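Only one structure is covered here, and it is reproduced in the block below.
We count ligands from 1, going down the list as the structure has it; atoms in each ligand are counted the same way. Note that these values count all heavy atoms, side chains included, but never hydrogens, waters or copies made by symmetry. Predicted, not measured: the structure shown is a model, and the values here were computed from it.
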Amino acid sequence: MVENLQSALSSDGFAAALRVVQTLRANDYAAYLVGGCVRDLLLGHAPKDYDVATDAHPEKVQQLFTKTHAVGAHFGVVIVCDETTDAQTEVATFRNDMGYEDGRRPTAVSYADTPEDDVARRDFTINGMMLDPVGLTAQNIDAKVLDFVNGREDLRDGIVRAIGDPAVRFEEDKLRMLRAVRFAARFGFALEEDTYSAIHDNAAKIIQVSRERVRDELTRMLIEGHARKAFEMLDATGLLKEVLPEVAKMKGVEQPPQFHPEGDVWVHTLLVLEKLPAGCSMELGWAALLHDVGKPPTFRAPDPAQPGDRIRFNGHAEVGTTMTRAICNRLRMSNEETEQIALLVANHMRFGDVMEMKPATLKRFFRLPKFDEHLQLHWMDASSAHGDLRLYDYAKDKYENAPAEEIKPALFVSGRDLIDAGLKPGPRFKELLHTIEDAQLEGRITSKEEGLALLRQLTASDTA
Ligand code: ATP
Ligand code: MG
């Protein structure tokens with residue numbers, strides 16, 4: 001831990017933030033590190049970025065540094081770029097936030113004079129500490145913290161606690177409810193009792209937050225490596241049924257025990273989420289969450305008239321794909337993201353057939369964009385159910401040993417050749433191309449001449 005701290009303190013990001021603090025102080029302003037970076041340093045983690053809080057107003061900050069971006073200057077935020085390393089430090093003027101129109105963005109800010117006032121507007125005690133970086137070492141860090149909210153104690157005890165009255169703070173900004181869950185999941189912390197109750201009581205108000213912001217929080221929960229914990233807490237707090245009612249419906253949906261000894265659809269989904277690695281793509285994260293979203297609406301109990309019948313979910317991948325697209329659209333995901341998530345959901349059951357697939361079908365399966373994500377999803381799915389990985393091993397081995405030029409070779413016979421042979425584009429034309437490509441993928445033809453011979457043979461029977 002001290003080693004991580006030491007390496008954080010010798011990083012470019014820290015050095016840049018330190019220079020910002022020193023410049024501000026040389027001009028008689030107060031300046032400290034604040035927020036997430038203080039929390040992370042105290043935990044011995046390397047902060048992703050460094051934020052500085054100061055009593056200098058944004059115009060002053062812009063005057064004092066040569067390279068700045070005034071992205072949020074009306075909020076009191078200026079980005080300072082370090083001249084040598086280009087590392088960016090976010091510099092925020094001490095402020096009180098006043099009035100929240102859309103339940104998120106302050107409609108007005110008033111600058112505050114003291115660090116104590118500034119931390120009062122921040123969300124959680126663990127995010128509400130300041131740190132003096134000048135002369136900071138791994139050994140003296142405790143003495144360098146400014147802690148007006150008892151953040152250090154909560155950090156030590158593993159507690160996410162709202163600063164001030166939680167009900168008031170969540171009323172001001174509903175997004176904080178999702179942030180509370182995300183931080184608790186990320187650090188393996190508990191939600192403090194009153195903070196938890198306030199979320200529980202106000203969960204239905206989360207829909208007042210813009211869908212993009214909700215999406216970004218949920219995405220972070222899926223890709224930070226603690227997705228299971230996050231989604232268990234979303235469920236426990238009542239937020240899940242508000243933001244993703246289709247997912248909440250998985251609870252209690254039974255499955256056939258011979259394929260799913262682990263339990264119902266929700267239990268299975270949580271086991272899959274548990275396997276999502278930190279830093280995975282958002283598409284894999286969302287597909288892991290949604291791969292069985294089509295099961296609740298397709299559930300069919302065993303037919304008592306047919307002894308030995310089992311629970312079935314006929315067509316769940318197709319129904320789930322349609323639902324997935326609707327969810328992605330609702331959460332304003334990009335077309336590319338939606339497409340890949342939908343493809344992952346749509347194809348997740350095809351692994352069941354890989355051993356029976358003709359070589360041509362298998363090669364076409366491998367052509368799915370980012371096929372490694374399909375493999376990864378299948379691995380998580382199978383190892384969260386019956387645990388039989390034979391299909392996974394088979395598909396992985398075939399995929400890894402199939403060179404790109406074998407999966408998608410340059411075609412011996414193209415549309416051009418068909419036109420030259422006097423054929424017109426249309427359904428039969430497409431079918432011919434497909435049949436000849438199959439023959440090539442399966443090694444039944446090995447040259448253009450053989451391909452053209454096959455074409456003649458196929459069209460001869462057309463006219464016969
Ligand atoms: P991460 O590592 O996820 O970036 P962070 O704590 O740095 O965590 P940010 O979203 O970058 O979180 O915000 C920086 C700081 O600003 C927080 O630590 C917190 O003090 C404050 N903050 C951010 N969002 C809110 C909010 N919605 N309400 C109140 N304070 C907030
Ligand atoms: Mg941050």
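Judged by the shortest distance from any of its heavy atoms, R182 lies inside the 4.0 Å radius around the atoms of ligand 1. Residue contacts with ligand 1: F183 is included, with a non-hydrogen atom under 4.0 Å away. Judged by the shortest distance from any of its heavy atoms, D51 lies inside the 4.0 Å radius around the atoms of ligand 1. Distances shorter than 4.0 angstrom do not occur between any heavy atom of E172 and any atom of ligand 1.
Looking at ligand 1, you won't find any N or O of D40 less than 3.5 Å from one of its N or O atoms.
The distance from ligand 1 to the heavy atoms of D173 drops below 4.0 Å at these ligand atoms: 26 (C), 27 (N), 28 (N). Listed by atom number, the atoms of ligand 1 under 4.0 Å from R176 heavy atoms are 26 (C), 27 (N), 28 (N), 29 (C). Each of the atoms 18 (O) of ligand 1 lies under 4.0 Å from some heavy atom of G35. Within ligand 1, counting atoms from 1 as listed, the ones closer than 4.0 Å to a heavy atom of R122 are 15 (C), 16 (O), 19 (C), 20 (O), 21 (C), 29 (C), 30 (N).
Taken to the nearest 0.5 Å, the NZ atom of K408 stands 9.0 Å off from the CZ atom of R364.
Between the side chain of D154 and the backbone N or O of T125 there is no donor-acceptor pair closer than 3.5 Å.
A donor atom on one side chain and an acceptor atom on the other are found under 3.5 Å apart for K275 and S384.
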